There are 2 protein chains.
Amino acid sequence: MATLEDVARQAGVSVSTVSRTINRPDMVNADTRTRVEAAIDDLEYRPNRVARRLRRLDGRAHMLGLLIPDIQNPFYSDVVRGVEDVAYARDAAVILCNTDETSDREQFYVDVLKAESADGVILPPIARSDLNLDIKNIGMPLVFFDRRISDASVDTVVVDNERGARDIVNHLIELGHRRIGLINGPETIATSAERAAGYRRALHDHGIPFDDELVREGRPTRDAGKALTDELLRLDHAPSALFAANNQLALGVLESVREHDLRVPEDIAVVTFDDAPWAKLLDPPLTTVRQPSYEMGRRAAELLFDRIASPDRAAALIVLQPELVVRASCGSGMDT
Amino acid sequence: MATLEDVARQAGVSVSTVSRTINRPDMVNADTRTRVEAAIDDLEYRPNRVARRLRRLDGRAHMLGLLIPDIQNPFYSDVVRGVEDVAYARDAAVILCNTDETSDREQFYVDVLKAESADGVILPPIARSDLNLDIKNIGMPLVFFDRRISDASVDTVVVDNERGARDIVNHLIELGHRRIGLINGPETIATSAERAAGYRRALHDHGIPFDDELVREGRPTRDAGKALTDELLRLDHAPSALFAANNQLALGVLESVREHDLRVPEDIAVVTFDDAPWAKLLDPPLTTVRQPSYEMGRRAAELLFDRIASPDRAAALIVLQPELVVRASCGSGMDT
DNA sequence: TTGTAAGCGTTATCAA
DNA sequence: TTGATAACGCTTACAA
């Protein structure tokens with residue numbers, strides 16, 4: 001790899017002139033500039049990003065960190081793609097960090113990102129508060145996504161979870177459902193709590209009493225979704241509809257329903273938070289609330305670059321709107 | 001962030017002693033070592049990875065590049081996770097690069113990875129041969145995955161595509177199918193060619209004449225899969241079974257079948273290459289060939305670290321075996 | 001407008 | 001066993 005010095009030699013100038021040609025072209029004489037540019041082309045010179053990053057306060061050679069629980073969850077794949085497209089447009093590279101929501105991995109990646117002098121980090125706020133503190137003190141711009149946190153000092157982009165949940169539960173109710181089961185993640189996570197709130201709100205708005213027997217929460221995994229649904233289906237007075245609060249839980253809900261040989265929607269209606277490419281392929285096609293997950297990533301990355309450019313602007317909170325996608329998995333409902 | 005110098009001052013030694021304590025603990029006096037280690041703990045010192053990487057031939061502060069077409073394709077998400085888990089275990093960070101198989105993005109990321117002095121790169125061989133050449137000359141260890149290439153000088157991990165395709169087509173034939181449609185990617189891509197070969201091989205082994213009317217290829221996308229299937233379904237003598245050669249095509253195939261109001265498997269059997277979390281939720285559950293995609297990533301990363309450790313060992317070719325997952329989407333077959 | 005030189009945080013070489 | 005110091009490739013005062 002050619003270095004600044006190689007270019008300087010070839011162009012017959014000093015390294016600083018070459019550097020200037022690259023970073024402040026207007027400050028160099030037109031003739032020298034062409035000469036230097038020729039040398040750069042000739043040697044296929046590319047600035048070494050590591051050397052650039054070694055200098056503090058350097059605005060070039062951007063490197064972003066992106067912490068997510070698990071790339072195998074399609075919601076996060078979408079977010080990652082959104083972030084990366086923005087990063088690409090700005091010549092930035094992104095370090096991908098799967099944490100499994102595990103403090104070991106979170107700690108490791110936070111350390112790595114610091115040690116890499118990353119220009120900023122995008123991540124969902126972390127449950128463990130001490131680590132969160134560590135992250136607040138990470139010393140570089142931060143953007144939260146997916147989950148909001150009471151602390152309003154950090155740029156954040158989320159979706160209106162309560163509204164999404166409310167919309168889809170309303171839909172169920174309007175179709176005649178009264179006993180609606182909710183399979184949710186732990187309410188200690190903001191998204192789960194908000195979706196539960198939307199569920200309760202829809203019930204309340206229609207004067208349907210809240211029955212906590214119908215609400216189950218557990219880890220937001222496929223297996224948990226299945227086990228929780230099994231519980232609900234074994235109830236004496238089983239629900240006529242099931243609402244899975246995210247895509248992983250949905251997989252488990254659907255699996256359980258299938259194993260119980262229940263027809264959808266004749267025997268039971270099923271709806272989910274998070275749309276998926278395969279949702280319309282199910283029989284019947286699944287009614288869902290679509291989160292703009294790609295856009296969430298995009299906006300988060302834009303917020304981050306904004307923040308890098310103006311470190312002192314007030315923190316922004318972007319609330320994206322979910323969209324109810326009505327397909328056929330709710331039937332016409334029935335009061336059981 | 002504390003630096004080596006801070007630690008040195010605090011411990012009352014020179015920076016080289018601190019550096020040595022970290023990198024060659026055995027070469028430093030036990031007393032000084034404890035003193036230095038105390039200072040390190042005290043200041044929460046972490047080596048700056050950027051500075052480490054600036055020095056050539058440095059074996060610490062690993063940084064890997066991972067080029068994939070698109071993280072939103074679950075096959076690649078799995079691979080990424082496999083790579084990352086190995087990287088994490090070795091304290092390495094990975095830069096994620098979505099290329100869309102586009103030479104602009106490929107070029108950009110290859111440049112970035114060079115400029116970041118990455119320790120190595122994992123990627124599927126790239127179709128455009130000039131870029132491939134560029135990549136061969138990238139000057140850092142390389143591991144290919146997914147697609148094999150005639151050039152045997154690069155470490156490679158692939159799946160036995162021909163066998164996978166053969167197995168699943170055999171399965172179809174044994175169930176009585178004779179007219180089997182193949183929805184494939186472009187045969188210029190090695191994986192597509194191999195899967196087509198497996199398809200032909202199964203036909204041939206059973207004395208079924210090859211009918212190229214039943215084989216359609218196009219871009220490996222959902223839309224293409226749908227359009228291609230539409231074509232097949234409009235045939236006078238339509239196939240009794242459809243084989244989608246990858247997960248994106250499968251989505252389109254399934255969509256087309258559904259829009260034609262065909263029952264599976266009564267009217268038509270459907271099978272796919274690539275298993276998916278939702279494959280068993282379909283009605284009927286989908287018979288597939290499962291690729292060990294996570295393991296592909298894992299093995300690729302291991303190969304890369306091996307290569308970094310021993311740059312001169314002979315190139316390895318790892319061929320992973322796919323697994324036929326029989327579910328119910330093939331019925332008992334019928335000769336139409 | 002250009003060049004010299006210091007500095008970013010490490011590691012490696014060489015002397016002590 | 002330890003410490004000075006050069007080097008990695010770049011940017012940026014500062015001087016010319």
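Numbered from 1 within each chain, the chains take letters A, B, ... in sequence-line order. On a predicted model such as this, the values are computed, not experimentally measured, just so you know.
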Handout entry: Contacts of type side chain to side chain donor-acceptor pair (under 3.5 Å), residue R148(A), not counting sequence neighbours
Key =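 R148(A) satisfies side chain to side chain donor-acceptor pair (under 3.5 Å) with no residue once adjacent residues are dropped.
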
Handout entry: Pairs where residues 308-320 of chain B contributes a residue and the test side-chain hydrogen bond (donor to acceptor under 3.5 Å, both in side chains) is met, not counting sequence neighbours
Key =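 Every pair satisfying side-chain hydrogen bond (donor to acceptor under 3.5 Å, both in side chains) with a residue in residues 308-320 of chain B: D155(B)-R313(B).
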
Apply side chain to side chain contact (heavy atoms under 4.5 Å, CB included) to [X] and list each qualifying residue two or more places apart in sequence or on a separate chain.
X       : result
V154(A) : K136(A), L142(A), F144(A)
A2(B)   : D6(B), L43(B), Y45(B)
A11(B)  : V13(B), V36(B), A39(B)
P74(A)  : N247(A), Q248(A)

Practice task
Could you note down all residue pairs passing salt bridge (charged side-chain N to carboxylate O under 4.0 Å, His left out) where residues 65-90 of chain B supplies at least one of them, sequence neighbours left out?
Solution key: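 Matches after skipping sequence neighbours: D70(A)-R81(B), R81(A)-D70(B), D100(A)-R81(B), R105(A)-E84(B), R105(A)-D85(B), R81(B)-D85(B).
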
Exercise for the section: Name all pairs fulfilling the ring-ring contact (aromatic ring centres under 6.0 Å, His included) condition that reach into residues 293-319 of chain A, sequence neighbours left out, sorted by first residue then second. Expected result: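 ring-ring contact (aromatic ring centres under 6.0 Å, His included) check on residues 293-319 of chain A returns H62(A)-F305(A).
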
Problem - DNA chain D contacts made by residues 5-19 of chain B, counting heavy atoms under 4.0 Å - result: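 Within this stretch, V13(B), S14(B), S16(B), T17(B) sit under 4.0 Å of the strand.
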
Practice task
Return the residues of residues 36-45 of chain A meeting this criterion: a heavy atom under 4.0 Å from some atom of DNA chain D. Order them by number, or give none.
Solution key: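 Heavy-atom cutoff 4.0 Å gives Y45(A).
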
Practice task
Quick one: do L320(A) and V157(A) satisfy side chain to side chain contact (heavy atoms under 4.5 Å, CB included)? Show the steps, please.
Solution key: CA-CA 7 Å; L320(A) 266 17; V157(A) 24; 3.8 Å; yes

Exercise for the section: For R46(B), report the nucleic acid contact type (base, sugar-phosphate, nothing); a contact means any heavy atom under 4.0 Å. Expected result: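 Sugar-phosphate: the residue R46(B), judged by heavy atoms under 4.0 Å, touches backbone atoms but no base.
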
Problem - Pair R52(B), N23(B): side-chain N/O donor-acceptor within cut-off below 3.5 Å - result: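 A pair is found: one side chain offers a donor N or O, the other an acceptor, under 3.5 Å apart.
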
[Y] side chain reached by [X] side chain, heavy atoms, under 4.5 Å:
X       : Y       : value
F145(B) : V158(B) : no
I95(A)  : M63(A)  : yes
L64(B)  : V121(B) : no

Interatomic distance where [atom1] belongs to [X] and [atom2] belongs to [N] [whole Å]:
X      : N       : atom1 : atom2 : value
M27(B) : dG3(D)  : CE    : C1'   : 13 Å
L54(B) : dG9(D)  : CG    : C1'   : 6 Å
N23(B) : dA12(C) : CG    : P     : 7 Å
R35(B) : dT1(D)  : CZ    : P     : 14 Å
R52(B) : dC8(D)  : CZ    : C1'   : 15 Å
D31(A) : dT1(C)  : CG    : P     : 11 Å

Practice task
Please tell me which of the listed nucleotides, dC8(C), dT10(C), dC10(D), lies nearest to the side chain of L4(A)?
Solution key: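 For the L4(A) side chain, the nearest candidate turns out to be dC10(D).
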
Exercise for the section: Among the candidates dC10(D), dT2(D), dA12(C), find the nucleotide nearest to the side-chain atoms of R24(B). Expected result: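 Between dC10(D), dT2(D), dA12(C), the one nearest the side chain of R24(B) would be dA12(C).
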
Exercise for the section: Using heavy atoms to find the nearest nucleotide of DNA chain D for D26(B) and A51(B) separately, return the residue whose nucleotide is more 5′. Expected result: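 It is D26(B) whose nearest nucleotide is closer to the 5' end.
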
Problem - N or O in side chain of N48(A) less than 4.0 angstrom from dC10(D) OP1/OP2 - result: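 The answer is no; no side-chain N or O of N48(A) sits under 4.0 Å from OP1 or OP2.
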
Handout entry: Pair R147(A) + E101(A), salt bridge at N-O below 4.0 Å
Key =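 Counted as a salt bridge, because a side-chain N and a carboxylate O are separated by less than 4.0 Å.
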
Under 3.5 Å, N/O pairs linking protein and nucleotides 14-16 of chain D:
none

Exercise for the section: Describe, as an angle rounded to 10 degrees, how the axis at the first end of the helix from dT1(C)-dA16(D) to dA16(C)-dT1(D) is tilted relative to the axis at the last end, five pairs per end. Expected result: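 So the angle between the two local helix axes works out to 50°.
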
